[in-house]
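Residue numbers start from 1 in every chain, and the chains themselves are labelled A, B, ... in the order their sequence lines are given, proteins ahead of strands. Hydrogens, waters and symmetry mates play no part in the numbers below; they use all other heavy atoms, side chains included.
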Protein chains: 2
Amino acid sequence: MKPLFHPDTADIQLSSVLYALSDPVRLMMVYKLRQNGERACGDIELPIAKSTVSHHSRTLREAGVIRTRTHGTQRLLSLREEDLESRFPGLLKSILASYEETDEL
Amino acid sequence: MKPLFHPDTADIQLSSVLYALSDPVRLMMVYKLRQNGERACGDIELPIAKSTVSHHSRTLREAGVIRTRTHGTQRLLSLREEDLESRFPGLLKSILASYEETDEL
DNA sequence: TCTATCGTTCGATGATTATAGAACAATAAA
DNA sequence: TTTATTGTTCTATAATCATCGAACGATAGA
């Protein structure tokens, strides 16, 4: 089982984070992860195929937005809130607050 | 001279704003506009062709991030700071603050 | 060991994008 | 009126992306 790549906190790029969060599906994933805490891929209800979920998970992980750990056959996803807060203070909070202003929920 | 489309403040979409700001060139444009205030396209020093600047300007404008007005043969660009602040409080500020943390400047 | 579950990876597709150069439009200046 | 300036639009290109289904890999359970 190969270890999944996660960028170091210091290497998280603003452009990559903004890009990762600019997709409505990924933004919804992040929103739900913050609401509900760590979740398995399959437990996040999304209107897309599982291979697409996997793709989005990867994008978020490689941008440094989420962390993925293995537990049995499951992949547990969680928000890297502290890391993001230390790298870009206030950013995630304001984006998620903005998301709640939206009708995209 | 056809009028340029600008979305109403209420119609500005979070995903579109994040996408517009996820490109390094566009992010730099926005950063410089906030630093220097209203500027003509050509006065923003960028390492790309003018047709590409025009394309990026359009992306930012249609996302609701900047406003474009005509003055002679020039197009003057400015940040829609108040509009963005009222639609997504704190968002632009935290993104630009994050940008300053970066080595992309 | 065999099977079911969970998720990734592969291959393909249609769409979008960032980029540039050339041609064009509009305005200002000579 | 002719020319110069400013920026847009058109066309093209190479790259990336979101999506899906099928095949695969790893683990848990029977």
Write down the distance between [atom1] ([X]) and [atom2] ([N]), rounded to a whole number of angstrom.
{"X": "A/Arg26", "N": "D/dT16", "atom1": "CZ", "atom2": "C1'", "result": "12 Å"}
{"X": "A/His71", "N": "C/dC6", "atom1": "NE2", "atom2": "P", "result": "13 Å"}
{"X": "A/Leu46", "N": "C/dG7", "atom1": "CG", "atom2": "P", "result": "12 Å"}
{"X": "A/Leu4", "N": "C/dC6", "atom1": "CG", "atom2": "C1'", "result": "14 Å"}
{"X": "A/Lys50", "N": "D/dG21", "atom1": "NZ", "atom2": "P", "result": "11 Å"}
{"X": "A/Leu60", "N": "C/dG7", "atom1": "CG", "atom2": "C1'", "result": "16 Å"}
{"X": "A/His55", "N": "D/dC17", "atom1": "NE2", "atom2": "P", "result": "7 Å"}
{"X": "A/Leu77", "N": "C/dG7", "atom1": "CG", "atom2": "P", "result": "8 Å"}

Quiz item: To the nearest 0.5 Å, what is the distance between CZ (A/Arg75) and OG1 (A/Thr70)?
Solution: 4.0 Å
Quiz item: About how many Å separate OG1 of B/Thr68 and CZ of B/Arg61, when rounded to the nearest 0.5 Å?
Solution: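 Interatomic distance, B/Arg61 CZ to B/Thr68 OG1, rounded to 0.5 Å: 5.5 Å.
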Practice problem: Answer yes or no: is there a donor N or O on one side and an acceptor on the other, between the side chain of B/Arg80 and the main chain of B/Ile66, under 3.5 Å? | Solution: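 Side chain of B/Arg80 to backbone of B/Ile66: no pair is present.
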Quiz item: Within the distance-only criterion (no hydrogens, no angle test), does the side chain of B/Asp8 pair as donor or acceptor with the backbone N or O of B/Ala10 below 3.5 angstrom?
Solution: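 The answer is no, because no donor-acceptor pair under 3.5 Å joins these two groups.
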Quiz prompt | Closest to side chain of B/Thr73, choosing from D/dT5, C/dG7, C/dG21 | solution =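 Out of D/dT5, C/dG7, C/dG21, the nucleotide with an atom closest to B/Thr73's side chain is D/dT5.
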Self-check item: Distance-only donor-acceptor test, B/Ser54 side-chain atoms vs D/dG7 base atoms, 3.5 Å
Solution: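 A donor-acceptor contact between them is absent.
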Practice problem: Look at the side chain of B/Ser51 and the base of C/dG21, then say whether one donor and one acceptor between them are separated by less than 3.5 Å. | Solution: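 Indeed there is one.
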Exercise. Determine the contact category for B/His56: base if any of its heavy atoms lies under 4.0 Å from a base atom, sugar-phosphate if only primed atoms, P, OP1 or OP2 are that close, otherwise nothing.
Key: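 It contacts sugar-phosphate atoms only.
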Self-check item: Single-linkage hydrophobic cluster A/Leu79~A/Val25, side-chain heavy atoms < 4.5 angstrom
Solution: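 In one cluster with A/Leu79: A/Val25, yes.
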For [N], take OP1 and OP2 only and decide whether either is under 4.0 Å from a side-chain N or O of [X].
{"X": "A/Arg75", "N": "C/dT8", "answer": "yes"}
{"X": "B/Tyr19", "N": "D/dT16", "answer": "no"}
{"X": "B/Thr52", "N": "C/dA20", "answer": "yes"}

